[in-house]
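All heavy atoms count here, side chains included; hydrogens, waters and symmetry mates do not. Just so it is clear, the structure is predicted and the values come from calculations on it, not from any experiment.
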Amino acid sequence: MRQLDGQVAVVTGAARGIGKCIAARLAGEGARTVILDFDEEAGALTEKELRGQGLEVLFVKTDVGSYASLEAAKDKTIEKYLKTDILVINAGISHRLRVEDITVEEWNRVLHINLNGSFYTVKAYYGEFLKKNGNNPGKIVFISSGSAITGTGGGCHYAASKAGQNGLMRAIAKELGPRGVNVNAIAPRVIMTDIFDHLYPTEESRKELLEKIPIGRFGLPGDVAEMVRFLVSPEASYVHGQIVLVDGGRTY
Ligand SMILES: NC(=O)c1ccc[n+]([C@@H]2O[C@H](COP(=O)([O-])OP(=O)(O)OC[C@H]3O[C@@H](n4cnc5c(N)ncnc54)[C@H](O)[C@@H]3O)[C@@H](O)[C@H]2O)c1
């Protein structure tokens, strides 16, 4: 028996990068896993790839910037799998810009996808978690960022959106804890994905960065996926309302 047999997981932004790795990890533990992403081509490819590995996954094209799109995704989740046990709020965008280069439109776009999108995701699936009780615990995990703590990594709009996500997580943890739902956030730093390639494009910038990471390597999507797997396990049931850094020791 695998750890998540019989459970249903939903992961946003799971067509690639960290989200894809999380979806594969949860599906590998037996969860029927719904992949939400607005990139139709990448989402369909990921669905095909993971199904090819014998995993039970379903891709639903979804824009987390649209509440209607998330409601439709929730309806498809319930139509196919009848319930939701695990929700991983991972979709996010990042641009490394200084204040003078951040237009009001750019500020609004990053806040909209990262923060409004997180709330829309919670709101669309919230009813599923209100049904939970201690015997059928649910789990919500936000993929935040160390940027909320340090102010580095993306622009100020990115750091602010991730700090907002942390506040949202803490408030939801207070509301859903009494129903037995664990709510936590993971704060990764320098995980090698498209965002990383975009933020640190040159050898020089990467060398400089590596020197700041005590463990001596960059993070991998699997490092984050493994923390998600732990947080959704019964062994983590007393971990609640926390922001867990996955950063190779860089921050503290
Ligand atoms: N990579 C890192 O070093 C790092 C560090 C800290 C935090 N994070 C966070 O981890 C999460 C995943 O990052 P990643 O590095 O895998 O990024 P990525 O760019 O590789 O993947 C992000 C995924 O989200 C999807 N997405 C973007 N906007 C969307 C929308 N409106 N609706 C639905 N899907 C959307 C993209 O299509 C993509 O598949 C993000 O929230 C990011 O802020 C990443």
Test ring pair (Phe, Tyr, Trp, His ring centres under 6.0 Å) on Phe119 and His112 and set out the steps. CA-CA 10 Å; Phe119 174 70; His112 184 64; over 10 Å; no
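- The backbone N or O of Gly13 lies less than 3.5 Å from a partner atom in the side chain of Asn90, making a donor-acceptor pair.
- Atom CG of Asp247 sits about 8.0 Å away from atom CD1 of Ile149, to the nearest 0.5 Å.
- Heavy-atom contacts from other residues, nucleotides or ligands closer than 6.0 Å to CD of Glu106 number more than 12.
- Looking at Lys76 and Glu79, no side-chain N of the basic residue comes within less than 4.0 Å of a carboxylate O on the acidic one, giving no salt bridge.
- The main-chain N or O of Leu4 is never found under 3.5 Å from a side-chain atom of Glu29 such that the two would form a donor-acceptor pair.
- Between the side chain of Asn182 and the backbone N or O of Leu231 there is no donor-acceptor pair closer than 3.5 Å.
- Thr62 places a side-chain N or O within 3.5 Å of a backbone atom of Val60 that can act as its donor or acceptor partner.
- Comment: Asp101 does not engage Arg98 in a salt bridge, judged by the lack of any side-chain N to carboxylate O separation of less than 4.0 angstrom.
- A salt bridge links Lys20 with Glu49: the closest approach of a Lys/Arg side-chain nitrogen to an acidic carboxylate oxygen falls below 4.0 angstrom.
- At distances below 3.5 Å, at least one donor-acceptor pair connects side-chain atoms of His240 with backbone N or O atoms of Val183.
- Formation of a donor-acceptor pair under 3.5 Å by the His95 side chain with backbone atoms of Gly155 is not found in this model.
- For the residue pair Glu71 and Tyr125, no side-chain donor N or O sits within less than 3.5 Å of a side-chain acceptor on the partner.
- A salt bridge links Asp194 with Arg16: the closest approach of a Lys/Arg side-chain nitrogen to an acidic carboxylate oxygen falls below 4.0 angstrom.
- Between Lys83 and Glu128 there is no salt bridge, since no side-chain N of the basic residue sits under 4.0 Å from a carboxylate O of the acidic one.
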Going through the distances and angles, do Asn166 and Ser144 end up as a side-chain hydrogen bond (donor to acceptor under 3.5 Å, both in side chains)? CA-CA 7 Å; Asn166 290 347; Ser144 176; 2.8 Å; yes
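- Proximity of a side-chain donor or acceptor of Asp5 to a complementary backbone N or O of Arg2 within less than 3.5 Å is detected.
- Residues Gln165 and Ser118 bring a donor and an acceptor atom of their side chains to less than 3.5 Å of each other.
- Side chain of Arg179 to main chain of Leu130: a donor-acceptor pair is present (N/O by atom type, distance under 3.5 Å, no hydrogens or angles).
- Residues Thr152 and Arg189 have side chains that bring a donor and an acceptor to within less than 3.5 angstrom of each other.
- Arg32 and Gln7 share no side-chain donor-acceptor pair at under 3.5 Å.
- A salt bridge does not link Lys139 with Asp85: every distance from a Lys NZ or Arg NE/NH1/NH2 to an Asp or Glu carboxylate oxygen is 4.0 Å or more.
- One finds no salt bridge joining Glu105 and Arg109 here, because no Lys/Arg side-chain nitrogen approaches an Asp/Glu carboxylate oxygen to under 4.0 Å.
- Judged by distance alone, with hydrogens and angles left aside, the side-chain atoms of Arg206 form a donor-acceptor pair with the main-chain N or O of Tyr200 at under 3.5 Å.
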Applying side-chain hydrogen bond (donor to acceptor under 3.5 Å, both in side chains), run through Glu204 and Thr202 and close with a yes or a no. CA-CA 5 Å; Glu204 201 189 338; Thr202 64; 5.3 Å; no
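- Comment: Glu203 does not engage Lys207 in a salt bridge, judged by the lack of any side-chain N to carboxylate O separation of less than 4.0 angstrom.
- The backbone N or O of Leu220 lies less than 3.5 Å from a partner atom in the side chain of Asp223, making a donor-acceptor pair.
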